[in-house]
Amino acid sequence: MLLAELARTSREVAATSARSRKTALLAELFRGTAPAEAPVVITYLAGRLPQRRIGVGWSSLAEPVPPAGAPTLTVAQVDAALTELGAVHGAGAQAGRRELVERLLSRATAEEQEFLVRLIGGEVRQGALDAVAVDALAEAAGAPAAEVRRAVMLGGSLGAVAERLLADGPAALAGFRLTVGRPVLPMLAHTAKSVGEALDRLGPCVLDEKLDGIRIQVHRDGPVVRVFTRTLDEITARLPEVVAAALALPAERVVLDGELVALDPRGRPRPFQQTAGRVGSRLDVPGASGALPLTPVFFDLLALDGRDLLELPTAERHAELARLVPARLLVRRRVLAAGESAAAEEFAAAALARGQEGVVAKALDAPYTAGRRGTAWLKVKPVHTLDLVVLGAEWGHGRRAGRLSNLHLGAREPDGSFAMLGKTFKGLTDRLLDWQTERLRELAVEQPAWGVLVRPELVVEIAFDGVQRSSRYPAGVTLRFARVLRYRADKSAAEADTVAAVREFLPPEGNT
DNA sequence: TTCCGACAGTGGGGTCGCAAT
DNA sequence: ATTGCGACCCCACTATCGGAA
């Protein structure tokens with residue numbers, strides 16, 4: 001198949017807003033796709049590369065290359081070129097990659113180049129990613145969408161399902177089931193504003209402590225243990241303590257869902273930055289972070305000795321988990337009968353007092369819905385707010401092009417100046433974007449290519465989850481997950497919160 | 001007819017490994 | 001030694017479509 005066909009379909013998909021029409025366009029292309037080509041074609045049109053990482057980003061794609069006159073590039077040729085790119089390592093790698101990128105782009109027409117650049121850059125912007133591709137695949141193969149989706153979740157790979165489905169038809173779906181050793185997309189949670197709201201929405205439920213660490217999925221098949229992240233990357237080699245914990249379990253074949261955290265000597269969670277640093281470190285490179293021990297804390301059980309537990313209700317999976325895993329490695333949880341809202345509040349407060357991030361409420365009767373952000377899990381975290389000053393803003397991209405989007409936030413210093421301590425683009429409606437674009441232009445004192453710097457006059461109320469240390473900002477601190485709640489027209493910059501007030505939110509110094 | 005679940009899009013900060021400077 | 005880039009960890013929120021109620 002020619003790359004030009006993909007580029008044209010992608011453009012047509014981007015041009016329509018109707019999801020049903022996007023699905024139909026993709027389905028039409030998939031019908032004309034040979035099974036052998038399907039893994040690459042469908043992955044591209046879901047906005048991703050089968051290679052995952054190829055070492056090429058925006059900076060390597062910036063230079064324009066004269067386009068080819070006529071489309072001759074095939075999808076298979078592109079895939080081969082990108083595989084070759086990903087294999088370039090060692091001294092001279094950057095120059096080598098640059099040359100390969102240039103050679104590939106020179107074989108593409110202008111339209112193909114545009115598609116390739118967006119694909120490699122990770123921004124296809126066609127309003128259709130995995131979910132739409134799955135629906136289109138189902139339509140093309142004449143299979144129920146729900147069954148295709150389930151096969152993809154359990155098989156872990158859209159490409160593999162596409163190939164088998166196009167080759168063998170709907171009967172091939174039965175071959176994709178939970179397999180120990182092969183990762184499954186994890187179930188995700190929605191947010192509730194309060195414990196009370198979560199209880200109202202769920203009915204009978206269990207409250208779990210929410211740990212601020214790295215999500216892990218642990219597979220043990222006899223003596224073989226594999227550990228995967230939320231995005232199904234394997235990190236087994238970095239986690240000998242997790243492997244040991246899995247091997248110590250009184251079962252031969254298990255799939256566990258949990259969170260990985262670094263604890264201090266008193267058993268309190270260390271800051272997320274420390275956990276993430278340790279998980280990101282290779283152990284064969286000696287370093288301080290490698291010495292920081294990690295503790296896996298499990299909260300769900302997906303498979304046990306040949307049994308697939310995904311369809312079991314939460315309460316039964318939890319009961320199996322509690323029989324299998326020692327209490328030390330089990331998440332703290334509290335089952336709530338109807339009306340036990342006081343007990344729920346008490347449990348949540350205790351979790352925070354122990355230094356945890358919050359709680360997750362889980363419906364007792366729900367199955368494990370792999371890969372979905374179902375409404376059966378609701379997380380509740382405390383939200384803090386500050387009134388900060390807008391110091392500047394950056395021009396947005398995509399649907400925010402032409403509007404000032406990403407706000408630079410500052411807090412007041414004792415001398416009356418303002419120290420920048422983060423940015424945010426979240427929480428803004430289209431109307432607010434229009435308003436702030438106009439207002440910030442009026443206040444602009446400098447207009448660099450990326451946006452504007454303004455007189456520090458506008459005050460915004462910012463919600464955030466916490467404050468962490470930062471080497472990037474002059475204040476030495478930054479906000480975690482900052483988002484705009486509203487502009488404070490009633491407040492002047494001189495009334496904004498101070499850097500000292502922001503530092504108050506830092507967690508107490510631990511012994512590190 | 002209205003409501004609401006699911007999705008895509010828009011990016012944030014931190015940290016690592018690796019290659020270039 | 002330091003810097004820049006790519007990748008991946010954590011994540012919130014709004015707009016939109018289309019099926020459910």
Side-chain angles (χ1 to χ4, degrees), chain A residues 14 16-23 46-47 52-60 86 88-97 120-135 149 188-191 211-216 229-233 235 238 259-260 271-282 284-285 287 289-290 357 371-375 379 381 383 394 396-401 403 405-409 421-433 462-473 477-485:
Chain A
T16 174
S17 62
R19 211 164 284 163
S20 49
R21 175 82 184 126
K22 291 178 192 286
T23 307
R52 299 213 56 168
R53 67 198 123 197
I54 57 172
V56 174
W58 279 110
S59 73
S60 324
V88 177
H89 292 297
Q94 224 167 76
R97 289 195 192 112
I120 296 171
E123 295 185 358
V124 292
R125 285 185 184 142
Q126 62 184 16
L129 295 172
D130 274 61
V132 179
V134 165
D135 283 351
R149 188 161 54 229
L188 305 172
H190 272 294
T191 304
L211 308 180
D212 191 9
I214 305 283
R215 183 86 175 262
I216 50 168
T229 65
R230 191 168 95 78
T231 49
L232 312 189
D233 288 291
I235 52 172
R238 300 172 188 179
E259 190 89 0
L260 194 56
F272 173 78
Q273 284 165 302
Q274 290 183 29
T275 296
R278 163 62 214 282
V279 173
S281 301
R282 276 169 37 182
D284 53 355
V285 180
S289 66
E357 195 182 13
R372 320 217 65 186
R373 201 176 284 284
T375 46
K379 57 184 163 186
K381 298 190 285 185
V383 175
E394 298 171 16
H397 298 87
R399 70 183 302 281
R400 289 190 178 188
R403 288 146 142 183
S405 172
N406 201 4
L407 299 175
H408 292 194
L409 305 171
L421 42 64
K423 308 178 188 180
T424 184
F425 53 88
K426 297 176 200 157
L428 299 162
T429 60
D430 287 356
R431 263 176 63 190
L432 203 49
L433 281 165
I462 298 294
F464 61 99
D465 282 19
V467 171
Q468 58 188 8
R469 300 183 185 288
S470 169
S471 56
R472 177 182 306 232
Y473 292 112
V477 291
T478 190
L479 306 180
R480 195 149 175 228
F481 310 134
R483 58 265 192 194
V484 173
L485 290 181

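Since the model is a prediction, treat every value here as computed from it, not as a measurement. Hydrogens, waters and symmetry mates are skipped; everything else that's a heavy atom, side chains included, is used. Every chain is numbered from 1 and lettered A, B, ... according to where its sequence line falls, protein lines coming before strand lines.
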**Message:** Applying a 4.0 Å non-hydrogen cut-off, can you work out what Thr275(A) is touching in the nucleic acid: base, sugar-phosphate, or nothing?
**Reply:** nothing
**Asked** For dC9(C), does OP1 or OP2 lie under 4.0 Å from any side-chain N or O of Thr229(A)?
**Response** yes
**Message:** Both Glu259(A) and Asp430(A) contact DNA chain C. Which one's nearest nucleotide lies toward the 5' end?
**Reply:** Glu259(A)
**Request:** Check every atom of dG14(B), dG11(B), dC10(C) against the side chain of Arg215(A) and return the nucleotide holding the closest atom.
**Result:** dC10(C)
**Prompt:** For the pair made of CD1 in Ile214(A) and P in dC16(B), what is the distance, rounded to whole Å?
**Reply:** 12 Å
**Message:** Need one value for Ala18(A): base, sugar-phosphate or nothing, where a base atom within 4.0 Å counts as base even if backbone is also close, heavy atoms only.
**Reply:** sugar-phosphate
**Rounded interatomic separation in angstrom, taking NZ from Lys426(A) and C1' from dA12(C)** = 5 Å
**Request:** Could you check whether Val279(A) gets within reach of a base, just the sugar-phosphate, or nothing at all, counting any heavy atom under 4.0 Å?
**Result:** nothing
**Asked** Does the distance from a Lys or Arg side-chain N to an Asp or Glu carboxylate O, for Asp212(A) and Arg480(A), drop under 4.0 Å?
**Response** yes
**Asked** Which whole-number value in Å describes the distance from Arg149(A) CZ to dG5(B) P?
**Response** 15 Å
**Item:** Nucleotide dC11(C), atom C1' - distance to CD of Gln468(A) in whole Å
**Value:** 11 Å
**Message:** Once you apply a heavy-atom cut-off of 4.0 Å, does Ala128(A) come out as touching a base, just sugar-phosphate, or nothing?
**Reply:** sugar-phosphate
**Prompt:** Of all the nucleotides listed (dG13(B), dT10(B), dC7(B)), which has the minimum atom distance to the side chain of Phe425(A)?
**Reply:** dT10(B)
**Fill in**
Atom CG of Leu433(A) and atom P of dC13(C) are separated, to the nearest Å, by 15 Å
**Message:** For a salt bridge (charged side-chain N to carboxylate O under 4.0 Å, His left out) check, start with the C-alpha distance between Arg399(A) and Asp430(A), then their side-chain angles and the critical distance, and finish with the verdict.
**Reply:** CA-CA 10 Å; Arg399(A) 70 183 302 281; Asp430(A) 287 356; 3.2 Å; yes
**Asked** With a non-hydrogen cut-off below 4.0 angstrom, is Asp130(A) in contact with a base, only sugar-phosphate, or nothing?
**Response** sugar-phosphate
**Prompt:** Lys22(A) NZ to dA8(B) P: how many Å, rounded?
**Reply:** 10 Å
**Item:** Nearest to side-chain heavy atoms of Thr429(A), which nucleotide of dC9(C), dA15(C), dA8(B)
**Value:** dA15(C)
**Message:** Under 4.0 Å, heavy atoms only, any strand: does Gly213(A) hit a base, just the sugar-phosphate, or nothing?
**Reply:** sugar-phosphate
**Message:** On DNA chain B, does the nearest nucleotide to Thr478(A) precede the nearest nucleotide to Thr375(A) from the 5' side, or the other way round? Give the residue.
**Reply:** Thr375(A)
**Message:** Judged by each residue's nearest nucleotide on DNA chain B, which is more toward the 5′ side, Lys423(A) or Arg238(A)?
**Reply:** Lys423(A)
**Request:** Could you please name the partner base of dT21(B), counting Watson-Crick and G-U wobble pairs only when both distances are under 3.5 Å?
**Result:** dA1(C)
**Fill in**
Rounded to whole Å, CZ of Arg399(A) lies from P of dC7(B) at a distance of 19 Å
**Message:** Between Asp130(A) and Arg149(A), does any NZ, NE, NH1 or NH2 come within less than 4.0 Å of an OD or OE carboxylate oxygen?
**Reply:** no
**Prompt:** Ion pair present between Arg52(A) and Asp233(A), side-chain N to carboxylate O less than 4.0 angstrom?
**Reply:** yes
**Message:** Does dG14(B) have OP1 or OP2 under 4.0 Å away from a side-chain N or O of Ser471(A)?
**Reply:** no
**Prompt:** So, is His89(A) close to the dC18(B) phosphate, meaning a side-chain N or O under 4.0 Å from OP1 or OP2?
**Reply:** no
**Message:** Rounded to whole Å, how long is the line connecting atom CG of Leu479(A) with atom P of dC13(C)?
**Reply:** 14 Å
**Message:** Using heavy-atom distances to pick each residue's nearest nucleotide on DNA chain C, tell me which of Leu211(A) and Arg19(A) is more 5'.
**Reply:** Leu211(A)
**Asked** Does a nitrogen or oxygen in the side chain of Ser60(A) sit under 4.0 Å from OP1 or OP2 of dG6(C)?
**Response** yes
**Prompt:** So with a 6.0 Å cut-off around CZ of Arg230(A), is the heavy-atom count from everything else above 12?
**Reply:** no
